[in-house]
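Just so we're on the same page: letters track the sequence lines, and every chain starts at 1.
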2 protein chains.
Amino acid sequence: MNTEEFKANLDAIATECLAVRVRMLSRVVTKIYDEELRPLHLKASQMNILVAAAKMGVARPVALCELLHLDVSTLSRNVERMRQRGWLEVVPEAEDARAQPFRLTAEGRTLLQQAVPRWKEAQEKTRRMLGDGVVNLLGKTFKQLQRAKTAS
Amino acid sequence: MNTEEFKANLDAIATECLAVRVRMLSRVVTKIYDEELRPLHLKASQMNILVAAAKMGVARPVALCELLHLDVSTLSRNVERMRQRGWLEVVPEAEDARAQPFRLTAEGRTLLQQAVPRWKEAQEKTRRMLGDGVVNLLGKTFKQLQRAKTAS
DNA sequence: TGTAAGTAATTGTATATGCAATAATACCAA
DNA sequence: TTGGTATTATTGCATATACAATTACTTACA
């Protein structure tokens, strides 16, 4: 590859790379939620897990990881941190001794309730920043990715 | 907040939360690039920095961080890792003794050249996965975020 | 029924990320 | 000029993230 070609490729990567874009977007958006949730000592990533667990009732790690496209080892440690803080508890599972399903504790539920108004604020800020077009397309992509995962 | 209300809020968060969406998208897309780049022992996050440095010639950390919405402390350590591998080098800066501008080494440049075809493959996979609508809108959002940063 | 293959979760290791505090330098204004 | 403020980068600390290897258990099949 000669210098000219290389420069052209660099330009293409710099201006078009989708990894750069989504990663930057993730940093920017995460920051908005983290700032809003900081008084509760809660992070956006942790709220994700609390909400999913609340919705599931009793959450099995593998199922939650497929839903969120999250590595099980990542979830394992995140859950452990939240368990130590008393937000989650592991529930005994008779049917499969390998499973370590978990659910919200009362404290976790209270925390989540306190987080709701702050989440709404962050959500609105982000919506304004991104605009409805991006928000709607992100929604479609999100559902598509979840289908893709469960279908495979 | 009563139980009904809380459940409705949980549903809203689970189905609409923009942080959940962009973070998941970031994980999915990053994985595609990381897998493609793995034979080069290079990660998407590192390629971002190499490309930006290559484009800038001599990159000043603060400037690069504003461009990518990256914390300076994050960049500091990422650069250090890449410096240890011989991909980047810090260049002396006479005008401001605080500055630690850096640039690609010859090895860094070679690595980046090797990464180009792999990047193209990952980019194409991702484009197919997301569709042109999302890709184009992400591009607009990206430029908008870069403007917002440089304007402030 | 007993073993081989598969599955669930954890642990070791490494990178990425950001906040708070700090150190060193630059700039500005009285 | 000097004293306070702003800027640049690094470091301590904590969390998030994923891959590879491992452990423990389950399932299938021969």
Does a side-chain N or O of [X] approach OP1 or OP2 of [N] to a distance below 4.0 Å, or not?
X: Gln46(B); N: dA16(C); result: yes
X: Ser73(B); N: dG18(C); result: no
X: Arg23(A); N: dT17(C); result: yes

Which whole-number value in Å describes the distance from [X] [atom1] to [N] [atom2]?
X: Arg77(B); N: dT17(C); atom1: CZ; atom2: P; result: 12 Å
X: Met24(A); N: dT17(C); atom1: CE; atom2: P; result: 13 Å
X: Asp71(A); N: dT10(C); atom1: CG; atom2: P; result: 12 Å
X: Asn78(A); N: dT11(C); atom1: CG; atom2: C1'; result: 15 Å
X: Glu80(A); N: dG12(C); atom1: CD; atom2: P; result: 13 Å
X: Leu75(B); N: dT15(C); atom1: CG; atom2: P; result: 16 Å
X: Glu93(A); N: dT7(C); atom1: CD; atom2: P; result: 17 Å
X: Lys31(B); N: dT15(C); atom1: NZ; atom2: P; result: 18 Å

Nearest heavy atom decides the nucleotide; on that basis, is Ala94(A) or Ala63(B) closer to the 5' end of DNA chain D?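 Its nearest nucleotide lies further toward 5', so the answer is Ala63(B).
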Closest nucleotide of DNA chain D for Ile49(A) versus for Arg98(A): which of these residues is on the 5' side?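 Counting from the 5' end, the first nearest nucleotide belongs to Ile49(A).
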For the residue pair Met129(A) and Val28(A), establish whether any side-chain heavy-atom pair is separated by less than 4.5 Å.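 Heavy-atom side-chain distance check passes, below 4.5 Å.
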Any salt bridge linking [X] with [Y]? Criterion: basic side-chain nitrogen under 4.0 Å from a carboxylate oxygen.
X: Glu4(B); Y: Lys7(B); value: no
X: Glu36(B); Y: Lys125(B); value: yes
X: Glu89(A); Y: Arg83(A); value: no
X: Glu35(B); Y: Arg38(B); value: no
X: Arg77(B); Y: Glu80(B); value: no

Checking all strands, does [X] fall into the base, sugar-phosphate, or nothing category for heavy-atom contacts under 4.0 angstrom?
X: Arg81(A); answer: base
X: Asp96(A); answer: sugar-phosphate
X: Arg85(A); answer: sugar-phosphate

Outermost DNA chain D nucleotides near chain A [under 4.0 Å, heavy atoms]: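 Taking any atom under 4.0 Å from a heavy atom of chain A, the span is dT15(D) to dT26(D).
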Assuming nearest nucleotide by heavy-atom distance, tell me which of Val72(A) and Asp34(A) is located more 5' along DNA chain C.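 Its nearest nucleotide being more 5', the pick is Val72(A).
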Where each residue is assigned the nucleotide of DNA chain C containing its nearest heavy atom, which of Val90(A) and Lys43(A) is assigned the position nearer the 5′ end?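 Between the two, 5'-proximity favours Val90(A).
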So does Lys43(B) get a backbone contact from the side chain of Gln46(B), meaning a donor-acceptor N/O pair under 3.5 Å?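 Yes; at least one donor-acceptor contact below 3.5 Å.
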Does Arg23(B) reach the main-chain N or O of Leu68(A) with its side chain, forming a donor-acceptor pair under 3.5 Å?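 Judged by distance alone, no pair lies under 3.5 Å.
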